[in-house]
Each structure stands twice: as C-alpha cells, then as structure tokens.
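Worksheet: the structure to be examined is printed underneath.
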Amino acid sequence: MLAFVKCFSLKRTKHPRGYEDPHVLASETPFTVNEIEALHDLYKKLSTSIIDDGLIHKEELLLALFRNSSMQNLFADRVFYMFDRKRNGVIEFGEFVRSLSIFHPYTPEHEKSAFMFKLFDLHGTGFIEPHELKKMVGALLGETDLELSEESIEAIVEQTMLEVDTNKDGKIDEEEWKELVAKNPSILKNMTLPYLKEVTLAFPSFVLDSEVED
C-alpha cells in the first residue's frame, strides 16, 4: 500500500523535461512565482503548437514571434540561439523564463545591453566585427518595410565603425558597445516589453495574435 501511495505521488509531481521550480526561477529573475506559473501556461501552449512534446522548437518560436514557422532570417536564428542556452536545439521552460526576463522592464539596462551585444557577436569572439554588424543590420531591416541598397547598408556600417571603434582595431568590443548604448539609449528600445510586468493579467500580444490554437 505504501509503495502504491509513493508511486502515485511520484506520478502527480512528475514534470516535463526542462521544468524548473517557479520559486527558483523567481529568485533569479524579476518575475514573481505567480507570473512564472502564468508563463508556464504560455510555454505549454507554444510547446504543443507544432510538435506536441512539451518543448519549444525553433519553428514554434518563429510562429509565435513572427507568424511564420519556416522563415529564414539571421535575426530569427539569433533569437532562437540566445533562448536555447543549452544549445540542444530546443527551448526548455527554465531557458524560456530566463531569456524572457531580459525583456522585463525591471531588468537593468546593462543586462539588456550585454544580451544585445551577444546577439550581434555572431561568432562568439567577444567582438562585433564589421561583417557581423552588416549581416545583423541587413537582417533587422528585413523585419521592417524599409528597403536599403547594399551600398546604403555598407555606408551605415562604415559610419558606425568610424564612430564606435574608438581604439581603431577594426572591431567593436564590449566597452565600446557600452559607450554606444549610453549615447544612443534608443538602441535598447526593443529590449523592453512592458506587458511582462502584468503577465498574469494578459499574455504577450505576439502569442494572443498568433495562429497558435488551444
């Protein structure tokens, strides 16, 4: 009888792969325990939208963020890469919460800046080189209706390097990036999602407006 009760208890407390205690996540992020529980409901919705395995695959994240599960875009690839902290091809719940926390209004700007620096540092060298900057500028423009010629993008990159690369070594290091952000705080504008302060009241609009069905 005791063994049966123990087995039943284990079944009731079993969580899907990647699940983490909301109290632990709350201690490491700006989210409250209640907000993390709400995020878990959101996570479950996303993780079953295409592949019903309780994990968020790239196609599912793209569908939620960009309304397109098969889009080919460097920016989209980088966003998934940054969320997939374990580099195992899927986003587990803990990774989802910690990555979303970067966009929380209460997250310090220096953390947002560091996240964005890594987003642009395509090769993980600790520097943003001109070709990386060019690729990301092109990818970001691809998400808007603004179309610029190759020459115009080259001019943007050259001007940026001229202004930001203060030690003239041909690349942007973390200190130079911090100075750039300090002078141009609007760079971090898209790194804050106001609705994350009220996640228990309303899920992020990109999910409510997506084609993901219950």
Side-chain angles (χ1 to χ4, degrees), residues 8-109 111-116 118-119 139-140 143 188-214:
F8 180 71
S9 176
L10 286 173
K11 287 184 178 179
R12 288 187 61 190
T13 57
K14 184 178 180 180
H15 292 294
R17 172 183 161 194
Y19 179 84
E20 294 187 41
D21 187 332
H23 292 83
V24 173
L25 292 171
S27 71
E28 299 177 5
T29 68
F31 295 115
T32 66
V33 171
N34 286 341
E35 288 171 337
I36 289 171
E37 289 173 346
L39 284 175
H40 189 244
D41 289 336
L42 168 61
Y43 178 86
K44 287 188 292 185
K45 184 174 183 179
L46 294 181
S47 64
T48 58
S49 61
I50 297 178
I51 303 172
D52 190 2
D53 63 355
L55 299 166
I56 295 179
H57 293 254
K58 182 179 178 182
E59 296 83 0
E60 292 168 323
L61 185 69
L62 297 185
L63 178 62
L65 293 177
F66 307 107
R67 317 288 196 280
N68 185 343
S69 63
S70 60
M71 73 177 297
Q72 300 293 321
N73 181 283
L74 177 61
F75 177 67
D77 290 344
R78 292 300 292 169
V79 169
F80 182 83
Y81 177 84
M82 295 295 286
F83 271 63
D84 177 20
R85 298 186 176 201
K86 292 184 179 179
R87 308 289 181 252
N88 58 357
V90 292
I91 300 172
E92 299 176 5
F93 179 58
E95 294 174 311
F96 181 69
V97 173
R98 290 186 177 90
S99 297
L100 268 187
S101 74
I102 294 294
F103 299 88
H104 197 287
Y106 295 154
T107 297
E109 287 196 355
E111 292 185 25
K112 297 176 185 291
S113 176
F115 183 93
M116 198 167 187
K118 291 178 181 178
L119 197 68
L140 288 169
E143 293 303 306
L188 299 181
K189 180 180 178 181
N190 293 331
M191 292 298 297
T192 297
L193 303 176
Y195 48 68
L196 289 181
K197 285 197 299 185
E198 301 178 334
V199 71
T200 56
L201 301 179
F203 284 141
S205 59
F206 66 76
V207 175
L208 289 181
D209 295 338
S210 76
E211 298 175 0
V212 178
E213 299 178 354
D214 291 327

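Counting all heavy atoms, side chain and backbone alike, Gly94 lies closest to Glu20 at CA-OE2, 3.4 Å. Phe96 and Leu42 get closest at one heavy-atom pair: CZ-CD2, 4.1 Å. Here the shortest heavy-atom pairing between Glu35 and Leu196 reads OE2-O, 4.2 Å. In plain terms, the two heavy atoms of Pro22 and Tyr19 that are nearest each other are CD-OH, 3.3 Å. Among all heavy-atom pairs drawn from Met191 and Phe115, the shortest one is CE-CD2, 3.4 Å. Considering all non-hydrogen atoms of both residues, Leu62 and Ala76 come closest at CD2-CB, 3.5 Å.
A distance of 9.5 Å separates NE2 in His57 from CD1 in Ile50, rounded to the nearest 0.5 Å. Between the CD atom of Glu60 and the OG1 atom of Thr48 there is a distance of 7.5 Å, given to the nearest 0.5 Å. In this structure, Thr29 OG1 and Tyr106 OH are separated by 13.0 Å, a value rounded to the nearest 0.5 Å. In this structure, the separation between CD1 on Ile56 and OG on Ser49 is 8.0 Å, given to the nearest 0.5 Å. Rounding to the nearest 0.5 angstrom, the gap separating the CZ atom in Phe83 from the CD atom in Glu92 is 14.5 Å. We find the CG-CG distance between Leu100 and Leu193 to be 7.5 Å, quoted to the nearest 0.5 Å.
Taking the side chain as every heavy atom from C-beta outward, Val79 and Met82 never approach each other to under 4.5 Å. Taking 4.5 Å as the limit, every side-chain heavy atom of Leu25 sits out of range of all side-chain heavy atoms of Leu39. Between Phe75 and Leu119 there is a side-chain heavy-atom pair separated by less than 4.5 Å. Lys58 places a side-chain heavy atom less than 4.5 Å from the side chain of Asp77. Proximity of Glu109 to Leu188: side-chain heavy atoms (C-beta onward) are separated by under 4.5 Å at one or more points.
Under the 30°/60° scheme for interplanar angles, the aromatic rings of His40 and Tyr43 are found to lie parallel.
A donor-acceptor contact closer than 3.5 angstrom is absent between the side chains of Thr107 and Lys112.
The backbone N or O of Lys86 lies less than 3.5 Å from a partner atom in the side chain of Glu95, making a donor-acceptor pair.
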